[in-house]
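Values below: every heavy atom of this structure, side chains too, minus hydrogens, waters and symmetry copies. First the proteins, then the strands, lettered A, B, ... as listed; each starts at 1.
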Amino acid sequence: MTGVLVSTTINGDAVQFACPTDETLLDSLRNRVGLTGAKEGCGTGDCGACSVTLDGRLVCACLVLGVEANGREIGTVEGLVEDGKLHPLQEKFIEHAALQCGICTPGFLVAAKTLLEKNPKPSEEQIRYALAGNLCRCTGYDKIVRAVQAAAKEMRKK
Amino acid sequence: MMPRISLTSSLRDAVDGAESIELHAETIGEMFAKLAERYPRMADRIDAGIAVAIDGQIYRDDWNTKIPADAAEVFLMPRIQGG
Amino acid sequence: MRYETPTTTKEAATLLHKEKGQAHILAGGTDLLVRMKMGMTEPTLVVDIKHIPAMQAITKSAAGFKIGATVCGAAMTEHAALGKAWPGIVEAANLIGSDQIQGRCTMVGNLCNGSPAADSVPAMIAAGAKAIIVGKDKRRTVAVDKIVTGPGKTSLAKGEVIEAITLPARLPRSGDAYLRFTPRTEMDIAVVSAAVNLTLQRGVVKTARVVLGAVAPTAVIVAKAAKAIIGTKLDDEALEKLAAACSAACNPIDDKRGTIEYRTKVAGVLAKRAAKIAYQRAGGTL
Amino acid sequence: MGHDTNYQDREFKIIGTRVKRPDGIDKVTGRAKYGADAFAPGQLVGKVLRSPHAHAIIQKIDISKAEKLAGVKAIITSADLPDLTGSNRGMTDILENCMARGRALYHGHAVAAVAAIDEQTAKQALKLIKVTYKLLPHVTDVDEAMLPDAPIIQDFVLQDGKPSNIAGISTFGHGDVDAGFAEADVIVEKSYKTEQTHQGYIEPHACLANVSSDGSGELWVTTQGHFSFRVVCSTLLGLDMAKLKVTSSEIGGGFGGKTHVWTEPLALALSRKANRPVKLVMTRDEVFKASGPTSSTSMDIKIGAKKDGTITAATAMLRYQDGAFPGIWGMLGAMTAYACYDLKNVKTVGHDVLVNRPKVAAYRAPSAPMAAFGVESTMDLVANEIGMSPLDFRIKNAAKEGTQASYGPVYGPIGIGPTLEAVKKHPHMRAKLKKNQGRGMACGFWFNFGGQTCVDLNIGPDGTVSLTIGTIDVGGSRASLSLIVAEELGIPYDQVRTNIGDTASLGHNDTTEGSRGTFSSGMAAIFAARDAVGVLRERAAKMWDIPVDDVVWADGVATATGAKHSNLPPLTLAAIAAKAASTGGPIAGHNEVVADNAGVSFASHICDVEVDPETGSTKIIRYTVIQDAGKAIHPDYVEGQFQGGAAQGIGWALNEEYIYGADGCLQNTGFLDYRIPVCSDLPFIDTQILEIPNPNHPYGVRGVGETSIVPPLAAIGNAVSHAAGVRMTHIPMSAPRILKAIDDAKA
């Protein structure tokens, strides 16, 4: 097993960790950095529970190697709170009961944040397609879509 | 008054094929005790789990539940499982 | 497992050529990491090609477009000029997986994975795309339809790396389109797919290329289907002939994703629909 | 005991409001800890080796090479687990499903397990374990498994004294169906099939086991029932129940699939052998292969009716597969099939059939959706034959108070009629449909359970209230239970916090199944709060030095009654709590109850679909759920249950299925090819909550979690028949099946 030292930026903080070369970024984040917000629902890029951003692009952390993070910027659900304040998406997810078991929630929040940064006024259909990579088995997506719509509206006010 | 105790078909072999039985009991526990005494093969079935419907309300667990004297129907059915 | 990050294509080719064990190229990783997770491969060497500048951009010139091998699906979608010229290619590439997958997956990866159901491949072949291949010693350019030789198999020699895909300059009054059938609206693999690329002259189809996916071991160019619509204004009769030619060209399998019967029939349906979209994109009115 | 569980009509102050859930902030920030999020010092990684064959004798397991691999700390096979053969059959089955003993009964059946210092080493060790198999013939189809020459799955299962795969035959019904059919003007008989589906919770099974050399242990686990897990795990491993502390993590979905143990006993056994903590997390591939999906089925449904719409007789022959171990799934199908209707003559027979597939577990209203698919599809066919609208036909035959249920007892007040009347009034029924679109409706039933429940309510020195419960929170029940306590005590919602206790901190609680969480813990919370109010009144009386009978509790304060005490200002909860030390010590309320009578539940769904006649592809255009919830404590989470159940039903109806190859191996073990609905597949799902109080709960609460998965299969089948003119009899109604039906109809 070959190990490497990785220097990266996670949620704005400089972070170093050592990992085997064949370890996924998801495992590095969870087991070496201690950020367990990203979840492994499938490990094959089919559920989106491990969604993070890599240099601003939405990716599944289970389909990225830990070593690939070297010199790059990672964003996780743990970075959504700014100055102690919840992100409007986080507020609206709670307010609209957009989560039941909550295991998919971190992935949805990261994906929805990426969507709203690109498209501040998405249609229902655009929201549904943008979030199609995130599986939720509890809600039927109804309240999730409504929460994203409400957050978008809130964010446009600011 | 003695309420009639009806049984689901899968329990009838344990009571010599009877569809219903007359038996006086004030609680589910007492009913089970008397059933097991009269029909020894019922003891295993009771252990395996039986739900009791008293006038349509299903009781799975509470053997202290009173069987009202005016109960129209006491029905024994399999104890079931949910998701 | 060794992990290497070369900065030139030649360096990558040399690393791959020299490796005696199981060597893999890592671009988007959306197939490779799945195979590693499932224990289908245990690489001894992974060559991450994302540090090679020659592979990173989409460039437009008089000759057409050049799309670097590490350009991800999302970057293609964001490129307005590419989408205007080759909407069919972009929509095909965009259908590979979710937004998360789009942030990583590449057309070249989609091609080299060798899946009969690869979404971008029929669209690339319909467009007449070419692959720039770099080996340890030489470069060559090959039509995309010559790359995949069977499920999971390519014509690339050991150590050869595709550096970029080129698309020809777009003629006026041209249009392309790609459609696939999947059980779900997203996050799925094509059960059957069709790409059509055509050019019009006064509303009449002058040139056309029709390519089917997931109906044979590799993507199928259906010359008879193209012939059925060349010289027409895509009237119903021409479309029926196109569909019949497509169904006749199918050589699919029964598997967990679809039946022979279904794939054969729906290939024609999708080809008709794709042809209509391409025709309208070329400026034709139906 | 002695608590009045009867419904008392009252004006609620905060019950029914949409407050923020207490665990929300942890779940949106990534702080909530699920099964795989725990860590223990020195922990090892556990991995399971699984059978690559559908049915095989395990001749030899050679672990010698794996044992020698550096970093491997323990390897177990069935030889390391107790041999329960000949003892309690249920426990034996559970253990032999966790680890094959002598024979692998399905593709993915565990044969060995390893604990090693890291993931890579554990995986490597699995590869070094050499298992010698002798292949046996297999059967995975329920009908084939019933044939006389089918391979026998379990030797102890006999029918008429001969080995058989039919593990149970359960008959229900009343009246004389032959006479009933003789009276009928129209008889429709139809056969149906449904494929196997999985609960599809996003969180794989995960646990962290830690057994010490003194025989005490801890288990952190994602489960629907940590108390039941304690009972099962300690029994299987011979541990003292009190020495095994089981803590439930946040649970990432269960839907019935986390009511049973799968790898947890193995993790404990590995930990015991290695004398170190072992974390064992299933991969998604393992979840599909070796947890507990639902039955695939085959059914014959026959309904006869008079021209006026009266059903004269109805039968259902149901064949459900249980996987490789006996279950009660066919029986449940037979009990629920006709539960919505008032039938004079009805007979249902449920067969429980063994096949070489994983042991079936409960999945949300287990077994009811399949039977409802057959019955509700046939209901539409009969209605068409007699020229009545399917809705009116159902209204005419709906069960009501006094109806003898097809599964036996006589119904009390029930809600099927009101849901059907609500369908009739709903604007959805009048919405215009376009070309290739069709509308369908269907009904569904589920029992709902209560069960053993126990809660502690503790009032802190500052007057805030902590409720400890033993049912787990799958979808917001902590918010609902805090609302109940706040309502009872007359204090603000924010002043109450509900936590889930581990097995060492509360008495036994039954598994959170059967839609019982809010119903039963809610009942116990009401009584615990009333218990606490009694204490608060006593303490106030002491503080005032007046008789306790002169103290009343209302709106969150103790007030002294009577003219003598008019000078005494009311005492708040905080004021009483602050003096607790000098008035008798900590203030608490407790309750232990067997919460029976969760109240049967009914739903009616309306669905519009559009079918592409050239590809057979079906899109859900509009969907409405109408269900009797009893009192909705937190309407958001009641709606959430309705919507989630409907979405699961939609996935089941259209795309989800276990696909087995000719080799008996499961071919789609991931979310790519086991297709649960994605966000872009679904429309908003409208809900209408009917609040018909449950007469046996103080607040009128019923179970709400399960029923909504029952109607969708048939509602969509009925809608497809109107949109595409074909009657689908095989679930899922995938595009190839629909297109074939359309083409066959044309030919």
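- Per-residue counts of heavy-atom pairs under 4.5 Å with chain D were compared for A/Val81, A/Leu89, A/Leu86, A/Thr44; the largest is that of A/Leu86.
- Residue contact with chain A, scored on non-hydrogen atoms closer than 4.5 Å, is absent for D/Ala646.
- Of the atoms belonging to D/Thr29, heavy atoms from both backbone and side chain fall under 4.5 Å from chain A.
- Between D/Tyr363 and D/Trp652, the ring center distance clears the sub-6.0 Å criterion.
- Counting heavy-atom pairs closer than 4.5 Å to chain A, the top-ranked of the candidates D/Gln648, D/Arg18, D/Gln641 is D/Gln648.
- Of the listed residues (D/Ile685, D/Asp636, D/Asp37, D/Val19), the one with the most heavy-atom contacts under 4.5 Å to chain A is D/Asp37.
- The contact between D/Phe255 and chain A is made entirely by side chain atoms (from C-beta outward), counting heavy-atom distances below 4.5 Å.
- In this structure, the ring pair (Phe, Tyr, Trp, His ring centres under 6.0 Å) partners of D/Tyr637, at least two apart in sequence or on a different chain, are D/His634.
- Interface remark: A/Glu91 contributes side-chain atoms only to the contact with chain D (heavy atom separation under 4.5 Å).
- When each of A/Cys104, A/Gly140, A/Gly102, A/Gly41 is scored by its heavy-atom pairs under 4.5 Å with chain D, the top score falls to A/Gly41.
- Evaluation of the ring pair (Phe, Tyr, Trp, His ring centres under 6.0 Å) rule for A/Phe108 yields no partner, not counting sequence neighbours.
- There is no contact between D/Phe288 and chain A, counting heavy-atom distances below 4.5 Å.
- Classification of D/Glu639 and A/Lys143 as a salt-bridged pair holds, one side-chain N sitting under 4.0 Å from a carboxylate O.
- With 3.5 Å as the limit, one finds no donor-acceptor pair spanning the side chains of D/Ser708 and D/His605.
- In this structure, chain A has no heavy atom under 4.5 Å from any part of D/Glu119.
- Figure legend: cation-pi geometry between A/Arg128 and A/Tyr141 absent, as NZ or CZ is not positioned both under 6.0 Å from the six-membered ring centre and within 45° of its axis.
- Across A/Ala97, A/Gly79, A/Gly37, the residue that shares the most heavy-atom pairs under 4.5 angstrom with chain D is A/Ala97.
- The residues D/Arg31 and A/Glu78 are annotated as not salt-bridged, no charged nitrogen and carboxylate oxygen being separated by less than 4.0 angstrom.
- Judged by the 6.0 Å distance and 45° axis criteria, D/Lys33 is positioned over the aromatic ring of D/Trp220.
- Contact annotation for D/Ile251: only backbone heavy atoms (N, CA, C, O) come within less than 4.5 Å of a heavy atom of chain A.
- When only modelled atom types and interatomic distance are considered, D/Asp673 and D/Gln667 share no side-chain donor-acceptor pair under 3.5 Å.
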Full working for side-chain hydrogen bond (donor to acceptor under 3.5 Å, both in side chains) between D/Glu203 and D/Thr222: CA-CA 9 Å; D/Glu203 181 201 27; D/Thr222 176; 2.6 Å; yes
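- Interface remark: of the candidates A/Ala38, A/Ala98, A/Cys138, A/Cys136, A/Cys138 forms the most heavy-atom pairs closer than 4.5 Å to chain D.
- Figure legend: D/Lys258 and D/Tyr201 shown as a cation-pi pair, the cationic atom lying under 6.0 angstrom from the six-membered ring centre and within 45 degrees of its axis.
- With a 4.5 angstrom heavy-atom cutoff, A/Leu80 does not touch chain D via any of its atoms.
- Looking at D/Ile25, both its backbone and its side chain come within 4.5 Å of chain A, counting heavy atoms on both sides.
- Between chain D and the options A/Asp142, A/Asp46, A/Val145, heavy-atom pairs under 4.5 Å are most frequent for A/Asp142.
- Of all the listed residues (A/Leu109, A/Leu135, A/Ile144), the one sharing the greatest number of non-hydrogen pairs under 4.5 Å with chain D is A/Leu135.
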